[in-house]
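What's counted below: heavy atoms across the whole structure, side chains too, no hydrogens, waters or symmetry copies. Chain identifiers are assigned alphabetically (A, B, ...) following the order of the sequence lines, protein sequences preceding nucleic acid strands; residue numbering begins at 1 within each chain.
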Number of protein chains: 2
Amino acid sequence: MRIGQATIKDIAKALNVSASTVSRALKDYPGISQETKKKVKELAEKLNYRPNAVALSLRKSKTFTIGVIIPEVVHFFFSTVISGIEEVAFANGYNVILCQTNENLEREISSVETIISNQIDGLLISFSKETTDFSHFKKLLDHQFPIVFFDRVPDLQDTVNVTVDDYSGAYEAVKHLIDQNYKKIMHLAGPKNLLISAKRKEGYTHALKEAGIAIDENLIRECRIGTQQETYEICLDYFKDETTRPDAVFAANDVAAAGAMKAVQELGLKVPEDVGIVGFSDWQFSAMMNPPLSTVSQPGFEIGERSMQLLIDMINSNKEEAFVPKTEILETALIIRGSSSRIKK
Amino acid sequence: MRIGQATIKDIAKALNVSASTVSRALKDYPGISQETKKKVKELAEKLNYRPNAVALSLRKSKTFTIGVIIPEVVHFFFSTVISGIEEVAFANGYNVILCQTNENLEREISSVETIISNQIDGLLISFSKETTDFSHFKKLLDHQFPIVFFDRVPDLQDTVNVTVDDYSGAYEAVKHLIDQNYKKIMHLAGPKNLLISAKRKEGYTHALKEAGIAIDENLIRECRIGTQQETYEICLDYFKDETTRPDAVFAANDVAAAGAMKAVQELGLKVPEDVGIVGFSDWQFSAMMNPPLSTVSQPGFEIGERSMQLLIDMINSNKEEAFVPKTEILETALIIRGSSSRIKK
DNA sequence: TTGTAAGCGTTATCAC
DNA sequence: GTGATAACGCTTACAA
């Protein structure tokens, strides 16, 4: 109250009318004389009156605020999603409360708790790598609380999800490598418990099988940490022995791909002549690498927009209709750049 | 209320005591019998009682929520700052409402409005490139409303600011280029109305003067849009004529530097042999470019942390003490990479 | 056309 | 030790 906002009561007192009259006048309710309405509106304007959103929230049990829970803000893909969320939220008069979990389950649970006691109208979630138990979400879902999961979606019945077609994105990427005549393609995979990791791996294996290439489990390596350094070290190891080394890498994300490229180039191998590399996500840096990194782009902004729109639909729906479980799958796009193009047309 | 939260009244009714007794029991107020306290706490636990933060906010005129207004979420530097803000907020029980302005003044004004009617406790702001008039902030400041400006700070009296030493960051960068024997250094400058742009330009001119190099206004070019494409085109133009072309670029940010590098390399010039390039901000991609981009790193995370801490101090201070105007300046660090190192040691 | 009163969930202030 | 009441700012039956 430092800001000394005027309230309806202030206006009522000043004009010698009741608070309800002021309230009605301000909202153009029928049955208020033109004169009163005019007086009220003028004074409100003069006092720079703004309705107190907290009081409204309490009264209406609706806050026009939604919560977003994500693993990390400093992550190109997630920041893009947030941006999409924010746009739709702003356009619809919603506020966005942001919580990052730092991929930490405990913090995720705590965020859900505090955000809920703030009476938010709904929740957008991409859960942490540590999350294998979903009971902290289940509790809410059982109460019909509006939640949309995006990108990383849980293995639960009856949820509303927005994700991308990780499977076919990966499939296209690996098919492209095969088309470029790479024979021994390794896969830097994401954490096992994420569905997106599994889907990408599936796309990888399917493309190989289809081309009649046998799956070699030794060529698939799970990356738990997710840093460039991690895959750099892994690849130094994989590529140092020239008799057994792969001739291509399909990485589950661009940071992993960048680590691979660094390792390969340090070993004196040429990209894409000796080794082809394709990443996933189209981070901002990918186009600026040398050679530019081929990758599978995900429509982060659209994921954010669509998730927020679905959430608003759920919030506004009286009951069941918008709560029918569904998973919307947005399309990925293979972006072919220098790191995987060795065949001239 | 979909979630069917239990209230104090529910507990009171169930135990046949008054609401005030329940309230006191839950908060371990003195003068409550052990027995009552026990009963209340047990039932609260059982019903999974959580205090309604909205009701508390109304009662106490304090929401434990702060607002963050930034130009863009999808921006490495800003996402880093947000991350720092979020960490300190979380540690202190504050929620963060996020608004992006997309560098649009109108939206900035509107965000301030809505966020204020939500009775937030304070505001963290980095204003848009379009913002030259500060009356929408002034109004709040005049009411002693807690605001901390970060990175882009306004030309106003009596504000609390957190920024980095843009001047000396730029100075060090250009001095380094001179040390590397570059003679004709151009500057891709940021938008004129941002103080940070002016400071960086100042550092640039000072370093030149100190080295006895005359300032050539033709070598200073303001970039309004801020995309890679913009500086790419500018540089294609500047570097095509080999008789007049510069031999180095100091860019006010890394994206601009990346555009310059692309143009220069396309013209067949070698970096760093023919042209040295230094950027500003140490974006994630900078280390991954080829050659890796020299740049001036800004402590984004610390800026966020420090800003949020100052804001909390202001919120908690009874009056004047924490409101003394001040500008905290954090240190930058020159990161020398391949794009500007042509002298062997 | 306007006023009164109750209520959203909580707590501070008096009573008893 | 505990309860009743008022108040935070607003809306909305219900009265007048």
Item to complete: Report the distance from atom CZ of B:R59 to atom P of D:dT5, rounded to the nearest whole Å.
Response: 16 Å
Item to complete: Keeping to residues at least two apart or across chains, list the salt bridge (charged side-chain N to carboxylate O under 4.0 Å, His left out) pairs with something in residues 78-91 of chain A.
Response: A:E86-B:R107, A:E87-B:R107
Worksheet item: Rounded to whole angstroms, how far apart are CD on B:Q5 and P on C:dT10?
Response: 9 Å
Item to complete: Return the 5'-most residue of the pair A:K9, A:Y29 with respect to DNA chain D, ranking by each residue's nearest nucleotide.
Response: A:K9
Item to complete: Would you kindly give the CD-to-C1' distance between B:E35 and D:dT2, to the nearest whole Å?
Response: 13 Å
Response to the item:
From NZ of A:K62 across to P of D:dC10 the rounded distance in Å is 19 Å
Discussion item. Can you identify which nucleotide, out of C:dT11, C:dT10, D:dT11, has its nearest atom closest to the B:S23 side chain?
Written reply: C:dT11
Practice prompt. Sort and list the pairs that fulfil salt bridge (charged side-chain N to carboxylate O under 4.0 Å, His left out) and have at least one residue in residues 149-159 of chain A, not counting sequence neighbours.
Written response: A:E103-A:R152
Protein N or O to nucleotides 1-4 of chain C N or O, pairs below 3.5 Å:
unit_1	atom_1	unit_2	atom_2	d
C:dT2	OP1	A:S33	OG	3.3
C:dT2	OP1	A:T36	OG1	2.5
C:dT2	OP2	A:S33	N	2.9
C:dT2	OP2	A:S33	OG	3.2
C:dT2	OP2	A:T36	OG1	3.0
C:dG3	OP2	A:S18	N	2.8
C:dG3	OP2	A:S18	OG	3.1
C:dG3	OP2	A:T21	OG1	2.4
C:dG3	N7	A:R24	NH2	2.6
C:dG3	O6	A:R24	NH1	2.8
C:dG3	O6	A:R24	NH2	3.1
C:dT4	O4	A:S20	OG	2.9

Discussion item. Expressed as a whole number of angstroms, how long is the span from B:K27:NZ to C:dT11:C1'?
Written reply: 7 Å
Practice prompt. Check the pair B:T36 / B:S33 against side-chain hydrogen bond (donor to acceptor under 3.5 Å, both in side chains), numbers first and verdict last.
Written response: CA-CA 5 Å; B:T36 316; B:S33 71; 2.5 Å; yes
Discussion item. C:dA12, OP1 or OP2 - any side-chain N/O from B:K60 closer than 4.0 Å?
Written reply: yes
Item to complete: Find the distance B:L15:CG to D:dG3:C1' and express it as a whole number of Å.
Response: 15 Å
Item to complete: Quick one: list whatever passes side chain to side chain contact (heavy atoms under 4.5 Å, CB included) with A:L47, sequence neighbours left out.
Response: A:A6, A:I11, A:L43
Item to complete: Looking only at side-chain atoms of B:N52, point me to the closest of D:dG9, C:dT10, D:dT11.
Response: C:dT10
Worksheet item: Who are the side chain to side chain contact (heavy atoms under 4.5 Å, CB included) partners of A:L330, not counting sequence neighbours?
Response: A:V162, A:V164, A:P299, A:E302, A:I303
Item to complete: Classify the angle between the aromatic ring planes of B:F150 and B:F78 as parallel (below 30°), tilted (30 to 60°) or perpendicular (above 60°).
Response: perpendicular
Worksheet item: Which residue pairs pass the salt bridge (charged side-chain N to carboxylate O under 4.0 Å, His left out) test when at least one of the two sits in residues 60-72 of chain A, sequence neighbours left out?
Response: A:K62-A:D121
Worksheet item: Which whole-number value in Å describes the distance from A:D28 CG to D:dT11 C1'?
Response: 16 Å
Fill in: For atom NZ of A:K13 and atom P of D:dG9, their distance in whole Å
11 Å
